Amino acid sequence: MNINERHADFFENVYAIVRHIPKGRVTSYGAIAKALGTVSSSRMVGWAMNAAHSKPDIPAHRVVNRNGFLTGKMHFSSPTEMEEKLTLEGIEVINDQIHQFNIVFWDPSEELTF
DNA sequence: CCATTGACTTAAG
DNA sequence: CCTTAAGCCAATG
């Protein structure tokens, strides 16, 4: 592959996983990064999400940090959009944090059955 | 081109 | 248990 495709591949990988997050479930940046084998590059997952705005069907609202906080809510069209969408999917959000995060958490590894 | 920042996480003190 | 440091790497000034 070309040297220029090296980061794009990572981005596409992130998109693929995020798209596969089941409705009513959430995951974390680190979990995605870990699934890609680059657990230390969890920041790049967040950056990929920022770039994901140009992509359709990317439920970025289902991706939160490892504490279940909606750290990225401010990056949406509306600061409340992320919270609203999660609530509509049956996820309880309290004070910008996902309630029972450990229950609704979705491990990307399950979808690694490519 | 160098410095700073950021939708993160883990480890160490 | 709470606070800091460091690693990560692209983007922006």
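Reminder, nothing fancy here: chain letters follow the sequence lines and each chain counts from 1. These figures come from a predicted structure and were not determined experimentally.
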- Query: B:dA7 and C:dT3: how far apart are their C1' atoms, nearest whole angstrom?
  - Reply: 23 Å

Would you mind reading off the distance between [X] atom [atom1] and [N] atom [atom2], rounded to a whole angstrom?
{"X": "A:Asn67", "N": "B:dT10", "atom1": "CG", "atom2": "C1'", "value": "12 Å"}
{"X": "A:Phe101", "N": "B:dT9", "atom1": "CZ", "atom2": "C1'", "value": "13 Å"}
{"X": "A:Arg62", "N": "B:dA7", "atom1": "CZ", "atom2": "P", "value": "22 Å"}
{"X": "A:Asp9", "N": "C:dA10", "atom1": "CG", "atom2": "C1'", "value": "16 Å"}
{"X": "A:Phe11", "N": "C:dC9", "atom1": "CZ", "atom2": "P", "value": "12 Å"}
{"X": "A:Trp47", "N": "C:dC8", "atom1": "CH2", "atom2": "P", "value": "19 Å"}
{"X": "A:His75", "N": "B:dA7", "atom1": "NE2", "atom2": "P", "value": "4 Å"}
{"X": "A:Phe69", "N": "B:dT9", "atom1": "CZ", "atom2": "P", "value": "12 Å"}

- Item | Pair A:Glu12-A:Lys55, salt bridge (Lys or Arg N to Asp or Glu O under 4.0 Å): steps then yes or no | CA-CA 10 Å; A:Glu12 289 300 324; A:Lys55 297 275 187 175; 3.2 Å; yes

- Item | Atom pair CD1 (A:Ile32) and OG (A:Ser41), whose distance is rounded to the nearest 0.5 Å | 13.0 Å

Classify the nucleic acid contact of [X] as base, sugar-phosphate or nothing, counting any heavy atom under 4.0 Å across all strands shown.
{"X": "A:Asn50", "result": "base"}
{"X": "A:Phe76", "result": "base"}
{"X": "A:Thr38", "result": "nothing"}

Out of [options], whichever nucleotide has its closest atom nearest the side chain of [X]:
{"X": "A:Ser41", "options": "B:dT9, B:dA7, C:dC8", "value": "C:dC8"}
{"X": "A:Met44", "options": "B:dA7, C:dC9, C:dA11", "value": "C:dC9"}
{"X": "A:Ser42", "options": "C:dA10, B:dT9, B:dA7", "value": "B:dT9"}

- Residue pair A:Glu89 / A:His61, side-chain donor-acceptor N/O under 3.5 Å: yes

- Can we say A:Lys73 and A:Glu83 salt-bridge, meaning some charged N sits less than 4.0 Å from an Asp/Glu carboxylate O? yes

- Message: Between the base of B:dA7 and the side chain of A:His53, is one N or O donor paired with an acceptor at under 3.5 angstrom?
- Response: yes

- Cluster question for you: counting only ILVMFWY and a side-chain heavy-atom cut-off of under 4.5 Å, with indirect links fine, are A:Phe69 and A:Val104 together? no

